[in-house]
> 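Here it is: the structure, laid out below.
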Amino acid sequence: MPINTGRNFLHTPGPTNVPERVLAAMMRPAVDLSDPAYLAMIQTCFEDLGRVFRTDGRIFIYMSNGHGAWEAALVNTLSPGDKVLAPEVGHFSRNWAEMASVFGVEVDVVSSDWRYALDPEVIEARLRADTSGEIKAVLMVQTDTATAITSDITAVRQAIDAAGHPALLMVDVVASLAAAPFDMDAMGVDVAVAASQKGLMQPPGLGIVAANDKAWEAHGKATLPRLYWDWTRRAGDEYYRRFCGTSPIHLLYGLREALDMLLEEGLDNVVARHGRLAEGVRKAVEVWSRGNVLEFNAIEPADRCDSVTTIRIAEGYDVDVLRLACRGELDLSLGAGLGDLGGRAFRIGHLGYLNEAMVLGALATVETALTVTGIPYEAGGVNAAIRHFAETHRAQLANAAE
Ligand SMILES: *Cc1c(COP(=O)(O)O)cnc(C)c1O
């Protein structure tokens with residue numbers, strides 16, 4: 001291990017940076033599980049998670065990662081032999097669908113080349129063709145962290161409605177909650193799935209699922225085996241049942257602090273900050289790409305998400321040498337290419353507890369590593385990001401002065 005002489009820059013799109021405030025909130029002795037003050041604190045977490053998802057639906061908190069939350073969404077709403085429609089725009093959408101098939105659910109994949117968001121009309125056509133209503137759910141990933149492609153959830157809802165199809169809309173917001181605009185109730189999402197270690201700025205360890213009344217109704221008929229994940233067992237006010245056993249005390253104190261931070265900043269401001277930081281990264285990548293070796297994975301600018309940027313590298317260049325140089329020599333952790341993009345791309349995460357200075361540090365370090373490893377790029381990416389941040393802040397300063 002190299003000697004650490006300063007802060008490590010964590011730019012993986014999960015886990016993300018855990019703020020000192022969150023770490024400090026967790027630094028406490030364990031409490032009695034039935035301590036009234038503790039139970040009151042947990043209750044506020046459930047309520048404020050509803051504000052973050054923007055839903056009046058039910059919230060379930062699991063001691064798990066995102067994969068656990070995926071499983072919870074599936075086993076609570078589906079039965080063996082059911083069919084789901086799985087639009088695939090990357091590694092995560094593929095894996096959620098594969099999980100469904102393990103449970104004996106038939107998966108109808110809408111495949112893509114992972115470089116464009118799927119056209120909602122394709123989803124509409126598939127649903128229209130399902131005249132007997134075999135499809136019980138559409139599994140969407142709002143932001144696929146592997147490809148950095150974002151899907152228009154409102155348009156998918158409209159596609160389902162236009163087809164007049166009763167399928168549930170289940171959305172993975174693991175990488176988009178508290179980063180991209182998401183309004184569960186207004187968007188007509190029936191089940192939403194999240195995890196703690198992304199936009200929620202927490203250590204890994206909490207899987208979170210939100211379900212509306214339509215999903216709850218489907219739950220009543222769904223027969224996939226379940227116990228730990230079971231919504232019915234977790235319903236009611238008794239906290240030992242709500243967590244199917246001991247609650248994750250310290251993670252919940254951390255969650256409380258993270259929710260405070262998000263609500264203090266304001267959810268709209270959180271989303272706007274992600275947009276601003278992401279655009280700075282994209283400005284840099286645009287310039288680097290002119291060297292004809294690096295390029296955005298998502299070809300259409302409108303398909304690029306605000307949580308992470310996936311950058312492809314031309315054949316003949318070893319992308320992992322770049323990533324390992326960053327991590328080993330330069331104290332910057334980047335995301336690797338995942339799934340079909342393994343060895344062919346790297347990812348700059350810009351999700352969670354971040355500001356301009358941190359993003360500029362990361363971008364400058366990537367330029368350093370590109371130089372060190374001899375990967376061709378056009379210089380000036382960092383300057384382009386600086387110009388973008390300067391323009392947005394000049395506008396903000398002018399507004400504040402008015
Ligand atoms: C990270 C991620 C997951 C998986 O979460 P884990 O906590 O690693 O299980 C699922 N979906 C998306 C979009 C993700 O970014």
Side-chain angles (χ1 to χ4, degrees), residues 45-62 64 66-87 92-93 96-97 99-100 103-108 123 127 130 133-142 151 153-161 163-174 176-177 182-195 206-237 241-244:
C45 287
F46 280 99
E47 286 162 10
D48 286 342
L49 281 170
R51 293 169 71 186
V52 175
F53 281 87
R54 298 188 199 261
T55 184
D56 294 329
R58 294 171 168 81
I59 304 279
F60 301 92
I61 303 176
Y62 299 96
S64 80
H67 281 68
W70 273 351
E71 185 163 328
L74 299 174
V75 298
N76 275 293
T77 56
L78 300 169
S79 303
D82 278 355
K83 195 188 244 189
V84 294
L85 189 67
F92 289 98
S93 23
W96 195 14
M99 182 186 269
F103 285 101
V105 170
E106 200 184 320
V107 180
D108 190 357
I123 296 169
L127 292 172
D130 179 40
E134 275 180 55
I135 296 172
K136 299 297 180 216
V138 179
L139 307 186
M140 284 304 300
V141 175
Q142 186 178 23
S151 295
I153 301 303
T154 300
V156 173
R157 175 78 259 170
Q158 285 164 354
I160 298 172
D161 292 345
H165 201 287
L168 293 174
L169 175 55
M170 308 225 265
V171 181
D172 169 334
V173 294
V174 177
S176 49
L177 191 71
F182 183 69
D183 187 329
M184 178 163 165
D185 290 353
M187 289 176 169
V189 172
D190 301 304
V191 178
V193 171
L206 298 179
I208 301 160
V209 177
N212 69 6
D213 286 344
K214 185 176 171 188
W216 183 254
E217 208 172 293
H219 168 67
K221 302 189 198 102
T223 61
L224 276 176
R226 56 191 177 240
L227 190 152
Y228 178 74
W229 309 112
D230 194 343
W231 291 347
T232 300
R233 289 179 72 92
R234 287 169 178 257
D237 291 331
R241 278 188 57 187
R242 259 196 176 185
F243 287 93
C244 194

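Worth saying up front: this structure is predicted, and the values here are computed from it rather than measured.
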> Could I get the full list of side-chain contact (heavy atoms from CB on, under 4.5 Å) partners for Asp82, not counting sequence neighbours?
Leu78, Ser79, Lys136
> Roughly how far, to the nearest 0.5 Å, is CZ of Phe46 from CZ of Phe60?
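Those atoms lie 8.5 Å apart.
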> Could you tell me how the ring of Tyr228 sits relative to the ring of Tyr62: parallel (under 30°), tilted (30 to 60°) or perpendicular (over 60°)?
tilted
> Identify, with sequence neighbours excluded, every residue that meets side-chain contact (heavy atoms from CB on, under 4.5 Å) alongside Glu134.
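Scan of Glu134 (side-chain contact (heavy atoms from CB on, under 4.5 Å), adjacent residues dropped) gives Lys83, Asp130, Ser132.
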> Please find the pair of heavy atoms, one from Ala215 and one from Trp231, that lie closest to each other, and give the distance.
O-CZ3, 3.9 Å
> Shortest non-hydrogen contact from Met184 to Asn212?
CE-N, 3.9 Å
> Could you work out, with side-chain contact (heavy atoms from CB on, under 4.5 Å) as the rule, every residue matching Pro80, not counting sequence neighbours?
Thr223, Leu224
> Go through the structure and list residues passing side-chain contact (heavy atoms from CB on, under 4.5 Å) with Arg157, not counting sequence neighbours.
Ile160, Asp161, Leu169, Asp190
> Taking ring-ring contact (aromatic ring centres under 6.0 Å, His included) as the definition, give me every residue that meets it alongside Trp216, ordered by chain and number, with sequence neighbours left out.
His219
> For Trp229, what residues pass the side-chain hydrogen bond (donor to acceptor under 3.5 Å, both in side chains) criterion, not counting sequence neighbours?
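So Trp229 forms a side-chain hydrogen bond (donor to acceptor under 3.5 Å, both in side chains) with Glu71.
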> Looking only at atom types and distance, does a side-chain atom of Asp48 sit under 3.5 Å from a main-chain N or O of Arg51, one as donor and one as acceptor?
no
> With sequence neighbours left out, what residues match Phe92 under ring-ring contact (aromatic ring centres under 6.0 Å, His included)?
none
> Can you list the steps and then say if Leu139 with Trp70 is a side chain to side chain contact (heavy atoms under 4.5 Å, CB included)?
CA-CA 10 Å; Leu139 307 186; Trp70 273 351; over 6 Å; no
> What's the spacing between Asp172 CG and Leu177 CG if we round to 0.5 Å?
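Atom-to-atom, Asp172:CG and Leu177:CG are 10.5 Å apart.
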> Looking at residues at least two apart in the chain, or sitting in another chain, which of them share a ring-ring contact (aromatic ring centres under 6.0 Å, His included) with His165?
none
> Measuring only between side-chain heavy atoms, which start at C-beta, is Phe182 closer than 4.5 Å to Arg54?
no
> List the atom of Ile123, the atom of Pro87, and the distance in Å for their closest heavy-atom pair.
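What the structure gives for the nearest pair is CD1-CG, 3.8 Å.
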> If I compare all heavy atoms of Ala167 with all of Val138, which pair ends up nearest, and what's the gap?
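Heavy-atom minimum between the residues: CB-CG2, 4.2 Å.
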> Taking atom OG1 of Thr154 and atom CD of Gln158, what is their separation to the nearest 0.5 Å?
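Nearest 0.5 Å value for the OG1-CD distance: 6.5 Å.
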> Checking Thr55 now: which residues fulfil side-chain hydrogen bond (donor to acceptor under 3.5 Å, both in side chains) with it, not counting sequence neighbours?
Asp185
> For Ser93, give me all partners under side-chain hydrogen bond (donor to acceptor under 3.5 Å, both in side chains), at least two apart in sequence or on another chain.
Asp144
> Locate the shortest heavy-atom distance separating Met170 from Ala137; write the atom from each residue and the value.
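Looking at all heavy atoms of both residues, the shortest contact is CE-CB, 4.0 Å.
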> Any side-chain heavy atom of Cys45 within less than 4.5 Å of one from Ile59?
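No. Closest side-chain heavy atoms not under 4.5 Å.
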> Is the shortest side-chain heavy-atom distance between Gln142 and Val174 below 4.5 Å?
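No; the side chains remain at least 4.5 Å from each other.
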> Taking only residues at least two apart or on different chains, which pairs with a member in residues 218-235 satisfy salt bridge (charged side-chain N to carboxylate O under 4.0 Å, His left out)?
Arg226-Asp230
> Mind checking side-chain hydrogen bond (donor to acceptor under 3.5 Å, both in side chains) for Glu47 and listing every partner two or more places apart, or none if nothing turns up?
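Applying side-chain hydrogen bond (donor to acceptor under 3.5 Å, both in side chains) to Glu47 gives Gln43.
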> Side chains of Phe53 and Ile208: closer than 4.5 Å at any heavy-atom pair?
yes
> Could you tell me which non-hydrogen atom of Ala69 sits nearest to which non-hydrogen atom of Val209, and how far apart they are?
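Closest pair (atom of Ala69, atom of Val209, distance): O-CG2, 3.6 Å.
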> Compare all side-chain heavy atoms of Leu168 with those of Thr77 and state whether any distance is below 4.5 angstrom.
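They are in side-chain contact.
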